[in-house]
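It should be emphasised that the depicted structure is a prediction, and the values quoted were computed from it without experimental measurement.
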Amino acid sequence: KAVLDVNDGTPQGQLLKLQQYGTQSDIAGIGVSAIDANNVAVADELRALQKKGIKVLTIDSDLDRTKFADSRFAFIGTDNLTGGKVLGKCAKGLRPTGGEYVTFVGRTGAQNAIERIDGFATGAGEAFVSKDSMADDTNKATARENVRNAIRNHKDLNVLVGIWSYNAPAIVDVVREVDRRKDFTVVVFDAEPDAITAMKEGQIDAMVVQNPFDMGYQGVKLLQALAKDDKETIAKMLPKHGEPGGDIYDTGLKVVVPDSSSPLKKDQFDSNVQFLELPAFQEWMTKYGLTGS
């Protein structure tokens, strides 16, 4: 069976969970979303689990691939550098003359955060200037306070960038609170239910949306194949495993805009990025029984 387990949201909490799994005889595989991309202790523990015969994947957030690629069999999720670039392109398309931006995220040390923030800068281009990257340690009250402080401290700020899913509603809540929607372009990652409602109400200009449903599905599928030594399924999912980049299963990206009045259009993005207006995106969610993505 597949079980979702959580820790306290810290690298140490993640390490303790992994150490606990190492003492259990009934665990065949682990899919872990790495909190800290450069955590040596977590990487060492994953290696130790693999030596015990437990299959290991990273899902959604990877460890630093240049240092710790051997600590897991593969990564399943979004190409976060590409995702950041796509979000940057959204900002560029919405505000062609550029602007000043702040990125909001849970942990700046997480690999997905690092890659999304770096990608955003590349995709947006030189006309956009980063004023800060503000971490909240997954505390939603802090996430809102960060937005307040950013608006207060940077008088020319005009682009607000949500990097983790709950940063979107945090941005929306504060912009409403200060009644300054017209002053900001709001671009975010992910589509929490509150963010979907906010986009419908005109509070979010663009969302770059991952496919966590597929991350979970493909992650369990690959773990099962590894546990059963199902070489055919493994080869189909990762045909270039063993080659550079062959240990990554990309679950894709969507760009979601409110409606046809958006300045953003399908032809502004690469063909492998699905471009949807909000009603079509909601139809996709309904198909899979989802309230968010």
Quick one: side chains of residues 242-257, donor-acceptor pairs under 3.5 Å with protein atoms, not counting sequence neighbours, listed by atom name and distance.
residue, atom, partner, partner atom, Å
Asp247, OD2, Arg72, NH1, 2.8
Asp250, OD1, Gly252, N, 2.9
Thr251, OG1, Gly77, O, 3.3

Do other residues, nucleotides or ligands put more than 12 heavy atoms under 6.0 Å from the NZ atom of Lys228? no
Are any of the side-chain heavy atoms of Asp118 and Glu115 separated by less than 4.5 Å? no
Validation row: Ser165, Phe189 side chains within 4.5 angstrom (heavy atoms): no
Would a hydrophobic clustering, with Ile, Leu, Val, Met, Phe, Trp and Tyr connected at side-chain separations under 4.5 Å, put Tyr217 with Met237? no
Kindly work out whether a path of hydrophobic side-chain contacts (I/L/V/M/F/W/Y, heavy atoms less than 4.5 Å apart) joins Met134 to Leu157. yes
Are there more than 12 heavy atoms of other residues, nucleotides or ligands under 6.0 Å from atom CD of Glu232? no
Begin with the C-alpha distance, continue with both residues' side-chain angles, and end with the deciding distance and a verdict on side-chain hydrogen bond (donor to acceptor under 3.5 Å, both in side chains) for Asp136 and Asn167. CA-CA 9 Å; Asp136 52 59; Asn167 293 120; 3.1 Å; yes
Sequence-distant partners of Asp173, salt bridge (Lys or Arg N to Asp or Glu O under 4.0 Å), two or more places apart: Arg144
Starting at CG of Asp60, measure out to CG of Asn211 and round the result to the nearest 0.5 Å. 11.5 Å
Report the distance from atom CZ of Arg176 to atom CD1 of Ile171, rounding to the nearest 0.5 Å. 13.0 Å
What do the steps show when you test Asn80 against Thr78 for side-chain hydrogen bond (donor to acceptor under 3.5 Å, both in side chains), and what is the final call? CA-CA 5 Å; Asn80 285 293; Thr78 301; 4.9 Å; no
In the structure I gave you, are the side-chain heavy atoms of Val178 and Arg152 within less than 4.5 Å of one another anywhere? no
Hey, can you pull the donor-acceptor pairs under 3.5 Å for the side chains in residues 25-37, sequence neighbours left out?
residue, atom, partner, partner atom, Å
Ser33, OG, Ile59, O, 3.4
Asp36, OD1, Asn38, N, 3.1

With Thr185 via side chain to side chain donor-acceptor pair (under 3.5 Å) - residues at least two apart: Arg95
Would you indicate whether Asp179, at its atom CG, is surrounded by more than 12 heavy atoms from other residues, nucleotides or ligands within a distance under 6.0 Å? no
Please list, one pair per line, the donor and acceptor atoms closer than 3.5 Å that link side chains of residues 276-293 to other protein atoms, with sequence neighbours excluded.
residue, atom, partner, partner atom, Å
Thr286, OG1, Gln282, O, 2.9
Ser293, OG, Gln210, O, 2.9

Nearest heavy-atom contact between Gly123 and Lys92 is O-CD, 3.9 Å
Tell me which pairs pass salt bridge (Lys or Arg N to Asp or Glu O under 4.0 Å) where either residue lies in residues 45-56, with sequence neighbours left out. Asp44-Arg47, Arg47-Asp70
So, for Tyr21 and Leu49, which heavy atoms are closest and what is the spacing to 0.1 Å? C-CD2, 4.3 Å
Between Asp205 and Arg181, does any side-chain N to carboxylate O distance fall below 4.0 Å? yes
So which heavy atom on Ile234 is nearest to which on Phe73, and how close? CG2-CZ, 3.9 Å
Where is the tightest heavy-atom contact between Met207 and Ile204, given as atom of each residue plus distance? CG-CG2, 3.9 Å
